[in-house]
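Here is the structure we will look at.
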Amino acid sequence: MIAGTLLALAGGVGGAKLADGLAALLGDRLGVIVNTGDDFEHIGLSISPDLDTVLYTLAGIANPETGWGVAGESWAFLDQAVRLGGPGWFRLGDRDLAIHVLRSERLRRGERLSAITADFCRRLGVAARLMPMSDAPVRTVVETASGPLPFQDYFVRHRCEIPVTGFVFAGIEQARPTPEILAALAAEELGAIVLGPSNPFVSIDPILAVPGLKQALRRRGVPIVAVSPIIAGAAVKGPAAKMMRELRLEVSALAVAEHYAGFIDGVLIDEADAALAPRLEALGLAVRVAPTLMKTPEDRRAVAGHALTLAGAVPAGRGSA
Ligand code: FO1
């Protein structure tokens, strides 16, 4: 376990579940830096899917079937929009619509995404601090053999079917770590940094690509541990395993750890991958083996506890720059 505060890095559903477990253990001692590379403009609205997934999950109102969107959703707006000739491929539910309309209006008036997000957290009773990775727009572009695709076109419209060759984070040069992130990093009580079981290429990498952020996280000198999104050669959710195959990487927790080499001090892997532990240790990493599937709220807390225990077990000095 760690004393003090903790910073987690998260994308969508997997990262949100771990953040929820961490929030149950740490409450307002948790800060979550969330990927905004999936953000896009759709029918005049500014959509931030990963921020909303983490927010709804921590607020206890996420749709349990999809992991994204709001529980108990209805679709009258979408049905009517489609009747009027609007696009139906990206499903905006009636309840979910409220956050997009209000965020878009506040952004138009010049408010920062960080401030809007903090306000939504407060209003939905979320004690943890959710922080977009940057207030400047960053848009993940998926490179494919058939040309570049905006992330949501790749993910939702094409259901991740088109093989990927690489990723570009458009706008990243103008992005900066936000004042909120810099303050969380500067906090004396910060005890560890945890990379959630999110997609390394399109959820965690955009965060680490914000100029100066990866160096600032590393230089902070606290243990950095990752929870593997790959269990027994498959991703729990989403296209991570498929992307790894297409990028000609081995689909394993080992390849995930190698992807983060030089940045992380430890890795939490699933029991199903226990045989990989010696090879991970040979990379100089602290390793913890535990059940990592998060089906229930108890699972989320248990996995969060294992991540904290792992961070606490990183030998002194490993977490220093
Ligand atoms: N994902 C889908 O697969 N289909 C959708 O229609 C869809 C709508 C949607 C609306 C709001 C929102 O916040 C998320 C939504 N997502 C949808 C999820 C989202 O595209 C992905 O979860 C992330 O971008 C990947 O982490």
Side-chain angles (χ1 to χ4, degrees), residues 8-20 32-59 61-79 81-82 86-104 107 113 116-117 120-121 124 126 130 132-133 137-142 149-162 164 167 169-170 195-207 229 235-243 294:
L9 274 56
V13 180
K17 286 182 176 178
L18 180 72
D20 191 42
V32 190
I33 305 178
V34 183
N35 170 44
T36 58
D38 293 12
D39 292 15
F40 75 131
E41 285 67 42
H42 183 65
I43 53 170
L45 299 171
S46 298
I47 316 276
S48 294
D50 286 355
L51 271 178
D52 293 349
T53 297
V54 180
L55 175 62
Y56 292 154
T57 302
L58 268 61
I61 59 168
N63 181 328
E65 274 95 54
T66 55
W68 52 266
V70 186
E73 192 55 281
S74 57
W75 303 95
F77 164 79
L78 186 74
D79 291 346
V82 169
W89 63 272
F90 194 80
R91 298 174 56 76
L92 292 178
D94 298 337
R95 286 165 204 261
D96 186 33
L97 188 59
I99 204 164
H100 310 303
V101 170
L102 294 174
R103 176 171 41 225
S104 305
L107 284 171
L113 184 58
I116 301 168
T117 304
F120 288 159
C121 282
L124 292 184
V126 171
L130 303 197
M133 68 190 203
V138 176
R139 302 290 178 258
T140 296
V141 178
V142 180
L149 281 175
F151 182 79
Q152 296 298 341
D153 276 49
Y154 161 80
F155 192 92
V156 177
R157 209 200 287 250
H158 293 285
R159 298 187 200 87
C160 311
E161 280 160 2
I162 306 179
V164 305
F167 309 96
F169 308 126
L195 310 194
S198 301
N199 187 307
F201 311 101
V202 292
S203 295
I204 302 295
D205 278 0
I207 301 176
V236 178
K237 196 175 193 306
K242 183 173 179 288
M243 285 176 172
M294 293 180 280

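In each ligand, atom 1 is the first atom listed, and ligand 1 is the first ligand listed. Heavy-atom basis, side chains included; hydrogens, waters and symmetry copies ignored.
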Provide the number and element of each atom of ligand 1 under 4.0 Å from a heavy atom of [X].
X    : answer
F151 : 24 (O)
D96  : 10 (C), 11 (C)
W89  : 6 (O)
D38  : 23 (C), 24 (O), 25 (C), 26 (O)

Report task. Would you name the heavy atoms of L113 and L107 that are closest together and state the gap between them? Result -> N-CD2, 4.0 Å

What's the shortest distance from [atom] to any protein heavy atom, and which residue and atom give it?
atom                    : result
atom 3 (O) of ligand 1  : V156 CG2, 3.8 Å
atom 9 (C) of ligand 1  : F90 CZ, 3.2 Å
atom 26 (O) of ligand 1 : D50 OD1, 2.8 Å
atom 13 (O) of ligand 1 : P49 CA, 3.4 Å
atom 6 (O) of ligand 1  : R91 N, 2.8 Å

Requested in this report: Run down the list Y154, W68, F155 and name the one with the heavy atom closest to atom 8 (C) of ligand 1.
Outcome: W68

Query raised in the report: Between R139 and P150, is there a donor-acceptor pair closer than 3.5 Å when you use the side chain of the first and the backbone of the second?
Result: no

Query raised in the report: Is the backbone of R157 close enough, under 3.5 Å, to the side chain of Q152 for a donor and an acceptor to pair up by distance?
Result: no

Query raised in the report: Relative to the ring of F167, is the ring of F201 parallel (under 30°), tilted (30 to 60°) or perpendicular (over 60°)?
Result: parallel

Query raised in the report: Is it true that the side chains of N63 and Y56 contain a donor and an acceptor less than 3.5 Å apart?
Result: no

Requested in this report: Decide whether T57 and D20 meet the rule of one side-chain donor and one side-chain acceptor closer than 3.5 Å.
Outcome: no

Query - side chain to side chain donor-acceptor pair (under 3.5 Å), paired with S48, selected from D38, T36, N35, D39 - result: D39

Report task. Give, for atom CG of L45 and atom CD1 of I99, the distance between the pair rounded to the nearest 0.5 Å. Result -> 12.0 Å

Requested in this report: Report yes if some N/O of Q152 lies less than 3.5 Å from some N/O of ligand 1; otherwise report no.
Outcome: yes

Query raised in the report: Polar-atom distance check: T53 versus ligand 1, any N or O pair below 3.5 Å?
Result: no

